[in-house]
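No hydrogens, no waters, no symmetry mates; every other heavy atom, side chains included, goes into these values.
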Amino acid sequence: MAILVIAEHDNASLKGATLNTITAASKIGGDVEVLVAGSGCAAVADAAAKVAGVSKVLLADNAVYEYQLAENMGDLVAELGKGYSHILASATTTGKDFLPRAAALLDVNMLSDVTAVESDDTFVRPIYAGNAIATVKSSDAIKVLTIRGTGFDAAAAEGGSASVESVDAAKDAGTSAFAGEELAKSDRPELTAASVVISGGRGMGNGDNFEILYKVADKIGAAVGASRAAVDAGFVPNDMQVGQTGKIVAPDLYVAVGISGAIQHLAGMKDSKVIVAINKDEEAPIFQVADYGLVADLFDAVPELESAL
Amino acid sequence: MKVLVAVKRVIDYNVKPRVKADNSDVDLTNVKMAMNPFCEIAVEEAVRLKEKGIASEIVVVSIGPKVAQEQIRTALALGADRGILVETDEKLESLTVAKILKGVVEKEQPQIVIMGKQSIDSDNNQTGQMLGALTGMPQGTFASEVAVDGDKLNVTREIDGGLRTVALNLPAIVTTDLRLNEPRYASLPNIMKAKRKPLETVAPADLGVEVKSTLSLVKVTPPAERSAGIKVDSVATLVDKLKNEAKVL
């Protein structure tokens, strides 16, 4: 039994989410092989080969995989994945984009956002925005899963010495093309990888007021997130959204500022180790999940917090 | 051009789901049902394409029990032209849904298929992509902007870290993200008019699909409850607790 993990990367470096997915693969049991598909991405394959627990790295280095377009990735993963018992990708916007295509081409179902491995055919995943936890058994010949990073520890990035094997594959579906990208530039850590996250909600009032959160974040190396209400109100871009329809985070410390605590938001952060809520409404539902609650006006409390740190 | 929109009947967004006492599934008895919010966005986008003169006809399809007609009627009231119900009482997995939709696509030959990126019950986020693979159509998932440009469809996608635009050959599939648009409400006259719009009912077998299942629910449990902690009276106490009690600073 061998498991194929599809690496998440930007052609230059291996993304941290892949390390969590490799841990999930190790829990299933069997040889763990990693596919790096991209363009000019040999360094990524070398990094993947060093990850503890990886037995082989497949490198599909070709211009058709540069942007990991779902059409080309789906075809490649379905073709290469035939000989494996399991195919895993991280539950990121890239993994969620191409993996269902590969599953359909293999004529199997897929399990999204797996948070725990019970056995080689039984997996745990949240449904209904995390209001219910389903244990699902699959009878498919090949199990295809996306892995939610918060459910698994990261595998050690060093310690392995897998071989890298080039895959001679370059099929361009020819139906889609990359046309542009606007990536948010930030020196702060990525939301899903940060050990501290500070998020603002509708209570922030406007986008400029997020500045006070950025100041706290920069002082302690935190990432900054937002509730859907703050995103919908246009305060901040959507890639900052934490919740059912945004990013799922589980940092050591999550600070919710001016966030009431709708279930859709809680779905994205309730696995955090310690939750702090700052809200002037003492009835706000966020206090029901917070380890430490401070009933205060955030415009007083946050600057005070910044100077106290 | 013809636009096909797929909609799903799910638990209402505002209802908190409860797990059955025997842990077999979520209890949907007497629970308010509605159109999946991402599907509402899909319908809205199709209607806007029609208002811009790009779409000539909007066909809305739903797969499910007879009562899913309600969600089709809602879409018709919002501006879709006709409906198709693929009636089945069985619980369907994504692959089967994609196969049924493929059958509908082959019959209707739409230039654009718009659907929600995920349903708020199973939270799978798979069906649009699977339909793409089965039909060979390209996809623009998690769309925040859709623009027809000649024979291409430019879709701006919400990705981790920002936005990405892809240019797709038509026919193509779009799955909607939250910021694509803000759905309108149906007016009373339009709700009345929708009752007279055509709605055809077919069975999965009519589309050549055999309903099969490869996933079984072992159990469904409520999530681990987080108990409320303590209230602190000042920022100073908070920082002290985080440093010395929780040790996370």
Part of A:Ala290 lying under 4.5 Å from any heavy atom of chain B: backbone
Could you tell me which portion of B:Leu249 (side chain, backbone, both or neither) has an atom closer than 4.5 angstrom to a non-hydrogen atom of chain A? side chain
With a 3.5 Å distance limit and no angle check, can you tell me whether B:Arg157 reaches the backbone of B:Thr141 through a side-chain donor-acceptor pair? yes
Under 4.5 Å heavy-atom distance to chain B, tell me which part of A:Gln241 shows up: side chain, backbone, both or neither. side chain
Counting heavy-atom pairs under 4.5 Å with chain B, the top scorer among A:Arg228, A:Lys273, A:Lys247, A:Glu190 is A:Arg228
Residue A:Ile275 versus chain B: region with a heavy atom under 4.5 Å: both
With respect to chain B, which residue among A:Asp252, A:Thr94, A:Asn238 yields the maximal number of heavy-atom pairs within a distance under 4.5 Å? A:Asn238
Pi-cation contact, A:Phe123 with A:Lys143 (under 6.0 Å, within 45°): no
Using a strict 4.0 Å threshold on nitrogen-to-oxygen distance, state whether B:Lys8 and B:Asp121 make a salt bridge. yes
Between A:Ala173 and chain B, which part of the residue has a heavy atom less than 4.5 Å away: side chain, backbone, both or neither? neither
Which portion of A:Val276 sits near chain B, non-hydrogen atoms under 4.5 angstrom: side chain
Top of A:Leu69, A:Val108, A:Val196 for chain B proximity - count of heavy-atom pairs under 4.5 angstrom: A:Val108
Side chain, backbone, both or neither: which part of A:Leu266 has a heavy atom under 4.5 Å from chain B? neither
Nearest heavy-atom contact between A:Lys96 and B:Asn125 is CD-ND2, 3.9 Å
Test: A:Asp107 and B:Lys99 ion pair at under 4.0 Å: yes
Residue part contacting chain B, namely of A:Thr122, when any heavy atom lies under 4.5 Å: side chain
A:Glu304 versus chain B, heavy atoms under 4.5 Å apart: side chain, backbone, both or neither? both
Honestly, the part of B:Leu153 sitting under 4.5 Å from a heavy atom of chain A is neither
What part of A:Gln264 is in contact with chain B, defined as an atom under 4.5 angstrom from a non-hydrogen atom: side chain, backbone, both or neither? side chain
Verdict with reasoning, B:Val155 to B:Thr165, per side-chain contact (heavy atoms from CB on, under 4.5 Å): CA-CA 5 Å; B:Val155 180; B:Thr165 305; over 6 Å; no
Residue pair A:Ala134 / B:Leu217: nearest heavy atoms and the distance that separates them: CB-CD2, 3.7 Å
So, the part of A:Asp121 with a heavy atom under 4.5 Å from chain B: the answer is neither
A:Tyr128/B:Ile11 under side-chain contact (heavy atoms from CB on, under 4.5 Å): CA gap, chis, key distance, verdict: CA-CA 9 Å; A:Tyr128 292 85; B:Ile11 188 169; 3.8 Å; yes
Which of these, B:Ile100, B:Thr96, B:Leu92, sits in a side chain to side chain contact (heavy atoms under 4.5 Å, CB included) with B:Pro204? B:Ile100
Picking from B:Leu215, B:Leu168, B:Val10, which has the most non-hydrogen pairs under 4.5 angstrom with chain A? B:Leu215
Might you work through the side-chain contact (heavy atoms from CB on, under 4.5 Å) test for B:Val61 and B:Leu101, ending with a clear yes or no? CA-CA 8 Å; B:Val61 58; B:Leu101 290 177; 3.8 Å; yes
Among A:Asp271, A:Val231, A:Leu111, A:Ile263, which has the most heavy-atom pairs under 4.5 Å with chain B? A:Leu111
Given the options A:Lys270, A:Glu182, A:Lys137, which has more heavy-atom pairs under 4.5 Å with chain B than any of the others? A:Lys137
